[in-house]
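Everything quoted here is computed from the prediction, not taken from an experiment.
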Amino acid sequence: MAASVLSAFPDTPLTPADNYRGAVVEDLQLPPAFSLPAHEPISRAIEHGYERDFSHIPVLDKHRKPLGYVDVAALKAKWQAGVADPNDSVMKYMSKFKRNASHPYSLITPDTPLAELAEFLRHNIFALVTDYERKFVLAVATSHDLDNFVARRGM
């Protein structure tokens, strides 16, 4: 029935939910997340980022809770400019996650609809995919991942 309604109105734009046909984050088939402990030296963060082709790496506390992230390219630029020492900890250069009333935590899990993820990524560089209790970072999702998903599905 939905197809007949859409064919009756060919100029009607699709909503984001239509673009993903009910798919969820798990359908993106993201690789497991790579994270760094807060005390890790920036030299290792840069090395790991380039080895894995990651532009941003989550930083975790000793209990594996997300504290923030490092921008690998910015970190490398600071190192090359002599502003950062390779032995400095990533915590010194990480961007902290804002968690307060004006910036509530958005829970993104493997069951989150892709339309909801797309809306989140309109305002954020990436999304941390966690379990429901936010104890583990399972993956990192980006707009690029959504674009690849749509291209693979021919949507």
(message) As a quick check of understanding, evaluate side-chain contact (heavy atoms from CB on, under 4.5 Å) for L138 and T130, giving each step before the final call.
(response) CA-CA 5 Å; L138 305 173; T130 66; 5.5 Å; no

(request) Calculate, to the nearest 0.5 Å, the distance between atoms CD and OG1 belonging to E133 and T109 respectively. (result) 10.5 Å

(message) Going by the rule side chain to side chain donor-acceptor pair (under 3.5 Å), which residues pair with D53 if we only count those two or more places apart in sequence or in a different chain?
(response) none

(request) Taking the side chain as every heavy atom from C-beta outward, state whether L114 and V25 have any pair of such atoms under 4.5 Å apart. (result) yes

(request) Can you establish whether the number of heavy atoms outside R52 located under 6.0 Å from its atom CZ is more than 12? (result) yes

(request) Provide the closest heavy-atom pair for P31 versus A139 in the form atom of the first, atom of the second, distance. (result) O-CB, 3.7 Å

(message) Looking at every non-hydrogen atom in both residues, tell me the closest pair between A127 and L121 and how far apart they are.
(response) N-CD2, 3.8 Å

(message) To the closest 0.5 Å, what do you measure between CG (L117) and CG (D145)?
(response) 8.5 Å

(request) Using a 4.5 Å cut-off on heavy atoms from C-beta on, say whether the side chain of Y50 contacts that of K76. (result) yes

(request) Decide yes or no for D88 and P41: does some side-chain heavy atom of the first lie under 4.5 Å from some side-chain heavy atom of the second? (result) no

(message) Checking side-chain contact (heavy atoms from CB on, under 4.5 Å) between I57 and each of L75, V72, V90, I46, which is the one that passes?
(response) V72

(request) Please list, chain by chain and in numerical order, all residues satisfying salt bridge (charged side-chain N to carboxylate O under 4.0 Å, His left out) with R44, sequence neighbours excluded. (result) E40

(request) Please round to the nearest 0.5 Å and tell me the distance separating atom OG of S106 and atom NE2 of H123. (result) 10.0 Å

(message) If we check side-chain contact (heavy atoms from CB on, under 4.5 Å) with V70, which of these qualifies: M94, M91, K92, H56?
(response) M94

(request) Report the distance from atom CG of D111 to atom CG of D27, rounding to the nearest 0.5 Å. (result) 9.5 Å

(request) Supply the atom-to-atom distance S89 OG to I42 CD1, rounded to the nearest 0.5 angstrom. (result) 9.0 Å

(message) List the residues meeting ring-ring contact (aromatic ring centres under 6.0 Å, His included) with H48, not counting sequence neighbours, and say none if there are none.
(response) F34

(message) Give me each pair satisfying ring-ring contact (aromatic ring centres under 6.0 Å, His included) with a member in residues 72-94, each pair once, sequence neighbours excluded.
(response) none

(message) I want to check something: taking the side chain as every heavy atom from C-beta on, are L146 and L28 in contact at a cut-off of under 4.5 Å?
(response) yes

(request) Please check if V59 and F136 belong to a single hydrophobic cluster, counting links between Ile, Leu, Val, Met, Phe, Trp and Tyr side chain heavy atoms closer than 4.5 Å. (result) no

(message) Connecting only ILVMFWY residues whose side-chain heavy atoms lie within less than 4.5 Å of each other, what is the rest of L128's hydrophobic cluster?
(response) L60, Y69, F97, I125, F126, V137, V140

(request) Give the intermediate values and the outcome of side-chain contact (heavy atoms from CB on, under 4.5 Å) for residues L67 and K96. (result) CA-CA 6 Å; L67 296 173; K96 293 181 181 179; over 6 Å; no

(request) With sequence neighbours left out, write down each residue that passes side chain to side chain donor-acceptor pair (under 3.5 Å) with H63, or none if nothing qualifies. (result) none

